[in-house]
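One structure is given below, encoded as C-alpha cells.
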Amino acid sequence: MKYGDKIIYMEGVIVEIHDGCVGIDLKGRLGYLKIPMRMLITDYPLVVGQEVGWNMSFVEQLGPDANEKYVSNLQTYQRRQEEMRSHKKNDEV
C-alpha cells in the first residue's frame with residue numbers, strides 16, 4: 001500500500017432487513033451500504049432504524065490489470081440472466 005492506513009469510524013442507520021443482508025444508510029449523506037448478515041455483529045434482534053458503527057479505511061486499487069477470472073464469471077452470470085429474461089418473455093407470449 002502506498003498510503004498509510006487511516007482507519008475511520010463510520011456510523012449508519014439500518015434501512016432494510018432481508019433474510020441474507022442488511023441495508024445501511026451512511027450518516028453524513030455518504031451513501032448506502034448493503035452487507036451480508038454474517039458480517040453484522042449483534043446481540044439484539046435487528047429493527048429498521050437501529051444505528052450501527054464500524055471502522056473503515058479507504059479502498060485502494062491493487063494494480064492496473066483486471067482479474068480475468070472475475071470478469072469471465074461476471075460475463076457468464078450476465079449472459080445467463082439475459083437468457084432467462086428472453087426465455088421468460090418467450091413463455092409469456
V13 reachable from L30 in the ILVMFWY side-chain graph, under 4.5 Å edges: no
Closest approach of L46 to I14 (non-hydrogen atoms, all atoms of both residues): CD2-CD1, 4.1 Å
Least distance between heavy atoms, M37 atom then D19 atom: CE-O, 3.9 Å
Minimal non-hydrogen separation, F58 against K6, with atom names: CE1-CB, 4.2 Å
Shared hydrophobic cluster, Y32 / V48 (ILVMFWY, side-chain heavy atoms < 4.5 Å): no
Atom CG of L74: over 12 foreign heavy atoms under 6.0 Å: yes
Spacing of E16 atom CD and D25 atom CG [to the nearest 0.5 Å]: 8.5 Å
Where A66 and V71 come nearest, the two heavy atoms and their spacing: CB-CG2, 4.1 Å
Q50 side chain to P45 backbone, donor-acceptor under 3.5 Å: yes
Transitive ILVMFWY side-chain link V15 to V52, under 4.5 Å: no
S72 side chain vs K69 backbone, donor-acceptor pair below 3.5 Å: no
Closest approach of W54 to L33 (non-hydrogen atoms, all atoms of both residues): CZ2-CD2, 4.0 Å
Separation between NE2 of H87 and CZ of R80, rounded to the nearest 0.5 Å: 12.0 Å
Shared hydrophobic cluster, L26 / I7 (ILVMFWY, side-chain heavy atoms < 4.5 Å): no
Flag if over 12 foreign heavy atoms under 6.0 Å of OH, Y9: yes
N-O pairing of R85 and E82 below 4.0 Å: yes
